[in-house]
Amino acid sequence: MKTLLQVVRRILPLQLQNPSFPASNNWRRFCSYQLSNSLPPPNSKLFVGGLSWSVDEKSLRDAFSSFGEVTEVRIMYDKESGRSRGFGFVNFLKEDEATCAKDAMDGKAFLGRPLRITFALDKVRGAPVVVPRLPKNGNAIWRNR
DNA sequence: GTTGAGCGTT
């Protein structure tokens with residue numbers, strides 16, 4: 001009596017028979033593996049979304065400086081209205097400081113709105129911009145990676 | 001008095 005898994009393995013192409021493909025029936029683990037594998041890699045710079053309109057760079061720096069040495073804070077503003085676009089970047093001296101700040105602050109309310117923090121994308125000249133989708137759980141889902 | 005996902009004015 002062949003198990004379903006044995007049948008599947010016989011008919012699947014070899015590329016799909018690799019260690020990341022579920023050898024057991026644990027699809028939940030497989031999906032979370034794929035998800036975590038698609039997150040932005042750790043970086044000393046954080047993308048901070050979900051900012052209240054009224055947050056400025058000074059208050060953002062103050063909120064993050066307790067996790068490490070903040071080397072740069074930038075909030076994106078609309079060019080004509082001058083209003084905050086609701087997201088910005090916080091750069092730390094060290095990557096583990098950024099990781100610490102992200103873990104501590106992601107999802108935490110700041111001036112009434114929950115922050116959505118991921119590691120910033122590497123801005124690579126000449127490369128096509130891969131736009132991540134940010135679902136409600138705050139984890140970025142990437143394509144082409 | 002508005003709006004609410006997203007990746008950046010040198």
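Only a predicted model underlies this, so the values are computations on that prediction, with no experimental measurement involved.
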Atom pair distance, as rounded to whole Å: [atom1] in [X] and [atom2] in [N]:
X: A/Met76; N: B/dT10; atom1: CE; atom2: P; answer: 10 Å
X: A/Ile117; N: B/dC7; atom1: CD1; atom2: P; answer: 16 Å
X: A/Tyr77; N: B/dG6; atom1: OH; atom2: C1'; answer: 17 Å
X: A/Arg83; N: B/dG6; atom1: CZ; atom2: P; answer: 17 Å
X: A/Lys45; N: B/dG6; atom1: NZ; atom2: P; answer: 21 Å
X: A/Ile75; N: B/dT10; atom1: CD1; atom2: C1'; answer: 17 Å
X: A/Asn43; N: B/dG8; atom1: CG; atom2: C1'; answer: 13 Å
X: A/Leu51; N: B/dT3; atom1: CG; atom2: P; answer: 17 Å

### Task
Could you tell me whether A/Leu46 contacts a base, only the sugar-phosphate backbone, or nothing, with contacts defined as non-hydrogen atoms closer than 4.0 Å?
nothing
### Query
Among all residues two or more places apart in sequence or in another chain, which pass the side chain to side chain donor-acceptor pair (under 3.5 Å) test with A/Ser52?
A/Ser54
Residues that [X] engages under side chain to side chain contact (heavy atoms under 4.5 Å, CB included), provided they are two or more places apart:
X: A/Lys58; result: A/Asp56, A/Asp62
X: A/Asn91; result: A/Ser44, A/Lys45, A/Thr71, A/Glu72
X: A/Glu69; result: A/Leu93, A/Glu97
X: A/Glu95; result: A/Pro42, A/Thr99

#### Entry: Near-strand residues of residues 85-100 of chain A, defined as heavy-atom separation under 4.0 angstrom from DNA chain B
A/Arg85, A/Gly86, A/Phe87, A/Phe89
### Query
Got a sec? Which of residues 54-74 of chain A come in under 4.0 Å of DNA chain B, heavy atoms?
none
### Message
Whether the side chain of A/Arg74 engages the backbone of A/Val90 through a donor-acceptor N/O pair (distance < 3.5 Å, no angle test) should be reported.
### Response
no
### Query
When you measure from the side chain of A/Asn43 to the backbone N and O of A/Phe119, does any donor-acceptor pair fall under 3.5 Å?
no
### Query
What pairs meet the salt bridge (Lys or Arg N to Asp or Glu O under 4.0 Å) rule with one or both residues in residues 80-91 of chain A, with sequence neighbours excluded?
none
### Task
On DNA chain B, check which nucleotide each of A/Lys79 and A/Gly49 is closest to and give me the residue with the more 5' one.
A/Gly49
### Query
Of the nucleotides B/dG8, B/dG6, B/dA5, which has the atom closest to the A/Leu121 side chain?
B/dG8
### Message
Just checking A/Phe47 against A/Phe89, ring centres under 6.0 Å apart?
### Response
yes
